[in-house]
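Structure first, commentary second.
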Amino acid sequence: MPNSSSSSVLRFAPSPNGRLHLGHAYSALYTWNAAKLLGGTALLRIEDIDAERSKPDFVTAIFDDLHWLGLDWPQPVMQQSDRLDAYAEAGNVLRDENLLYPCFCSRSDIAASAEGSDPDGAPLYPGTCRHLDRGEQIERLERGDPVQFRLDTERAMDRVGMLTFSVVGPLVTDRPQIRHARPERWGDVVLQRKGTPTSYHLSVVVDDAAQAITHVTRGRDMEAATDIHALLQMLLGLPSPIYNFHKLILDDEGKKLAKSKGSETLTDLRAKGWTPDDVRRAVGL
Ligand code: GLU
């Protein structure tokens, strides 16, 4: 059976911009269970490229909550804020291939000109700045206009031809199935911003490769974004892990738990006297 050897490496990759809730607990426990089934290792990675929202206290709380759940992981823990050079280097590969272009559109420009929405329901960027001439690009960059660098997704797809990735599940030891990727439904995604040489999409593929991740276990809400990851892996010559999309933990209204909605955190539940077994039961494990 492919990839069910002791070389399997999985990861749980939370962003320290709030405290963990039951959704994270499920994802973490699920990942450690899957690693066990595969006879492999589960790593922890801290995804803290958002310098404004990430806080060291939340990193400490993540370690604490996961240890409380009974989980352990190899050291050192990769922290994305330490890896900006690696992301800049990957960005340069795309730039040298003429696959990144500067975009000067504001959020409201995009909302006003969007052509439909992306799989997450956000306005779909219509490619306004894709055809700016070189002179204008240089002038605006030199002037210091706020800029984001976008992937020319259509050009990138022309380079790679047919794009697929492997999905396994619900049982991670099953035989993987081939899935067709359609990154064009995301339009030209932002991969770098002024002052930040990366985005979630770029960091995640660079780090999954750097950590030799063989299986990415993530929530179903991240299924569509995997199309972009498959594309970036091809463009950067990185291996593509096997993907497994797990269920989401929903609140009483059937909505996904979220830090931004103030969903009850593991810290709250611990204060109420919950045990790790209560958490396991609550998430159906
Ligand atoms: N850091 C992301 C989050 O907290 C998840 C990363 C991933 O699974 O690729 O939502």
Side-chain angles (χ1 to χ4, degrees), residues 9-35 42-55 58-59 61-63 65-66 69 71 73 77-84 86-87 90 119-122 165-169 172 179 181 183 186 189-191 196 198-233 236 238-250 255-261 263 265-266:
V9 185
L10 291 79
R11 87 304 194 272
F12 174 58
S15 302
N17 48 23
R19 299 210 170 234
L20 302 185
H21 50 60
L22 282 177
H24 297 109
Y26 176 71
S27 195
L29 291 165
Y30 181 97
T31 301
W32 263 255
N33 283 350
L43 306 180
L44 175 64
R45 179 165 78 221
I46 300 294
E47 301 212 323
D48 59 347
I49 51 165
D50 185 339
E52 266 169 44
R53 293 171 67 217
S54 298
K55 303 271 179 284
F58 293 137
V59 177
I62 289 170
F63 294 158
D65 283 338
L66 295 179
L69 283 173
L71 304 178
W73 49 88
V77 170
M78 181 179 279
Q79 198 147 336
Q80 290 192 325
S81 53
D82 293 336
R83 295 186 35 79
L84 298 184
Y87 310 139
D120 277 351
F165 56 94
S166 300
V167 179
V168 69
V172 278
R179 178 85 58 89
W186 290 95
V189 287
V190 172
L191 295 188
T196 310
T198 193
S199 67
Y200 159 67
H201 299 303
L202 189 57
S203 311
V204 89
V205 297
V206 169
D207 289 346
D208 284 339
Q211 295 192 295
I213 301 297
T214 58
H215 295 73
V216 171
T217 46
R218 56 164 61 137
R220 281 187 197 135
D221 55 335
M222 306 285 303
E223 195 163 344
T226 307
D227 289 6
I228 304 164
H229 304 167
L231 176 57
L232 292 176
Q233 284 153 358
L236 295 168
L238 303 175
S240 183
I242 294 171
Y243 289 89
N244 171 274
F245 304 108
H246 61 66
K247 72 169 183 182
L248 301 177
I249 303 297
L250 306 177
K255 301 248 166 60
K256 195 188 143 209
L257 301 182
K259 293 166 192 162
S260 54
K261 286 194 315 190
S263 297
T265 66
L266 296 182

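Indexing begins at 1, ligand by ligand and atom by atom, following the structure's order. Quick note: numbers below take in every heavy atom, side chains included, and nothing from hydrogens, waters or symmetry partners. Nothing fancy with the numbering, it's 1 onward along the sequence.
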Query raised in the report: Sub-3.5 Å donor-acceptor pair from the side chain of Ser199 to the main-chain atoms of Val190, do we have one?
Result: yes
Query raised in the report: Relative to the heavy atoms of Tyr200, which atoms of ligand 1 are at a distance of less than 4.0 Å?
Result: 6 (C), 7 (C), 9 (O)
Query raised in the report: Any idea which protein heavy atom is nearest atom 5 (C) of ligand 1, and the distance to it?
Result: Ala13 O, 3.6 Å
Query raised in the report: Under the 3.5 angstrom rule, does the side chain of Asn244 hit a backbone N or O of Val168 as a donor-acceptor pair?
Result: yes
Query - Polar atom proximity, Arg11 to ligand 1 (N or O, under 3.5 Å) - result: yes
Query raised in the report: What are the atoms of ligand 1, with element, lying closer than 4.0 Å to any heavy atom of Val204?
Result: 9 (O)
Query raised in the report: Hey, is the main chain of Ala224 close enough, under 3.5 Å, to the side chain of Trp186 for a donor-acceptor pair?
Result: yes
Report task. Check step by step if salt bridge (Lys or Arg N to Asp or Glu O under 4.0 Å) holds for Arg19 and Asp65. Result -> CA-CA 9 Å; Arg19 299 210 170 234; Asp65 283 338; 5.5 Å; no
Report summary line: Under 4.0 Å from one or more heavy atoms of Arg218, ligand 1 contributes atoms 7 (C), 8 (O), 9 (O)
Query raised in the report: At what distance, to the nearest 0.5 angstrom, does CZ of Arg179 lie from OG1 of Thr226?
Result: 8.5 Å
Query raised in the report: Between Thr198 and Arg83, do the side chains contain an N or O donor and an N or O acceptor separated by less than 3.5 Å?
Result: no
Query raised in the report: Does ligand 1 have an atom that lies less than 4.0 angstrom from a heavy atom of Phe12?
Result: no
Query raised in the report: When you measure from atom 6 (C) of ligand 1 to every protein heavy atom, which one gives the shortest distance, and what is it?
Result: Glu47 OE1, 3.3 Å
Report task. Using protein heavy atoms only, decide if any is under 4.0 Å from atom 1 (N) of ligand 1. Result -> yes
